[in-house]
Amino acid sequence: MAYSDKVIDHYSNPRNVGSFSKDDPDVGTGIVGAPECGDVMKLQLKISDDGIVQDARFKTFGCGSAIASSSYVTELVKGKTVDEVMKIKNSEIVQELSLPPVKIHCSVLAADGIKAAITDWKKRRPQPAEPQVARAR
Amino acid sequence: MRTTETGERQCWGCRAEVETLVCARCQAIQPLSGEPDLFAVLGLPRRLMIDPADLERRYHETSRVVHPDRFQTASPRERELSLDASAAVNRAYRTLRDPIALGRYWLALHGVSLGERHQGVPPALAAQVFEIQEELEALRAARNEDADSLRREVGERREDVAARLARLRAELVGLYDANGGPVLEDLRQRLAEIAYLRTLLGDIDETLEKGAQ
């Protein structure tokens with residue numbers, strides 16, 4: 001199967017490879033795996049208090065399409081709000097990378113991965129303190 | 001097995017009604033459809049609960065009856081039917097005797113794929129597999145003493161993964177005995193995890209072998 005030029009570009013020159021500290025309160029981590037191919041992806045987002053993605057990292061063990069999908073998605077999310085990231089569709093990745101039907105699950109995995117990262121960030125960030133309610137006497 | 005307009009199957013040799021791979025009356029081997037039902041090939045009902053002794057017996061019996069040696073002097077058509085039937089009998093036996101192959105065949109029969117609707121594996125499993133993949137990566141890059149201790153670690157991981165696979169396999173077989181047959185989604189989940197861990201085990205073994213050379 002021939003890879004598209006964009007897949008080859010991301011595969012041979014992946015963007016944002018690496019990791020952030022999982023314990024950083026600004027960081028959300030998503031680790032996802034696809035049963036058919038054995039691929040596993042870790043996607044991490046650094047998100048500011050106002051809910052904007054400042055930076056992203058990934059590490060993927062898998063095929064060229066899985067690496068390209070995760071690399072592209074780390075580019076795609078930068079500067080987006082948390083809500084915008086949650087709305088990203090895997091079809092955007094399929095289109096950008098011209099993935100063939102048998103590799104669509106790679107794009108699904110990448111899209112699931114960033115959403116898992118957002119969910120993790122929401123869960124781990126310090127909850128805003130309960131507003132103090134003045135009690136009437 | 002030719003299907004008539006009324007849905008009955010007729011033996012091509014003697015026109016008797018026939019439901020099995022070999023006509024009970026004239027022993028003629030019946031032609032198979034493109035994707036023969038592997039249960040029907042061995043005369044078994046479509047059920048996941050299979051008695052291994054019964055499967056063995058049917059396999060040996062059917063193999064003998066359709067064996068190409070018996071058709072050396074037969075017509076070209078019969079020789080071809082014998083070859084097709086023998087291949088199908090072997091495929092049926094290999095699939096039905098292995099619980100994992102059987103489960104995957106069962107899902108396929110019901111139009112379900114392992115990654116149905118692109119569902120990933122459970123998050124905790126993905127995280128464990130990621131961790132092991134990182135250890136494999138470190139082992140591939142390591143030299144000398146580092147490599148020795150990493151190799152031991154990976155060896156221990158391999159045992160864990162193999163034990164987990166054995167547990168999943170036992171669970172799978174347990175599902176086959178359920179009354180009324182298992183829920184497809186339960187099967188799919190187990191088989192997806194098994195497939196995922198088998199790929200990992202393959203990666204572990206490949207890394208350990210390469211380092212040993």
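Order of the sequence lines fixes the chain letters, A, B, ..., with proteins taken first and strands second; residue numbering starts at 1 for each chain.
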May I ask you to check whether over 12 heavy atoms, not counting those of [X], lie within 6.0 Å of atom [atom1]?
| X | atom1 | result |
| --- | --- | --- |
| B:Arg198 | CZ | no |
| B:Glu159 | CD | yes |
| A:Asp49 | CG | no |
| B:Glu80 | CD | no |
| A:Asp5 | CG | no |
| B:Arg104 | CZ | no |
| A:Phe20 | CZ | yes |

Practice prompt. Sequence neighbours left out, what pairs pass ring-ring contact (aromatic ring centres under 6.0 Å, His included) with at least one residue falling in residues 151-193 of chain B?
Written response: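 Qualifying pairs, neighbours excluded: none.
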Worksheet item: Which answer fits A:Val108, side chain, backbone, both or neither, if we ask what part of it has an atom under 4.5 Å from a heavy atom of chain B?
Response: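 Just the side chain, heavy atoms under 4.5 Å.
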Worksheet item: Can you name the closest pair of heavy atoms from A:Gly33 and B:Ala126 and give their distance?
Response: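 Minimum heavy-atom separation between A:Gly33 and B:Ala126: N-CB, 3.7 Å.
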Fill in: Least distance between heavy atoms, B:Ala195 atom then A:Pro35 atom
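Of all heavy-atom pairs spanning B:Ala195 and A:Pro35, the closest is CB-O, 3.9 Å.
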Discussion item. Once side-chain hydrogen bond (donor to acceptor under 3.5 Å, both in side chains) is applied, what residue pairs with a partner in residues 23-47 of chain A remain, sequence neighbours excluded?
Written reply: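 side-chain hydrogen bond (donor to acceptor under 3.5 Å, both in side chains) check on residues 23-47 of chain A returns A:Thr29-A:Gln44.
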Item to complete: Determine which residues belonging to residues 69-98 of chain A lie within contact range of chain B, meaning some heavy atom pair is under 4.5 Å apart, and list them by number or answer 'none'.
Response: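 Checking residues 69-98 of chain A against chain B gives no residue, so none.
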Worksheet item: Who among A:Lys59, A:His105, A:Met41 has the most heavy-atom pairs with chain B under 4.5 Å?
Response: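 Ranked by heavy-atom pairs under 4.5 Å with chain B, first place is A:Lys59.
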Worksheet item: How would you list, in number order, the residues of residues 128-145 of chain B that have a heavy atom less than 4.5 Å from chain A?
Response: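 Only B:Val129, B:Phe130, B:Gln133, B:Glu134, B:Glu137 of residues 128-145 of chain B have a heavy atom under 4.5 Å from chain A.
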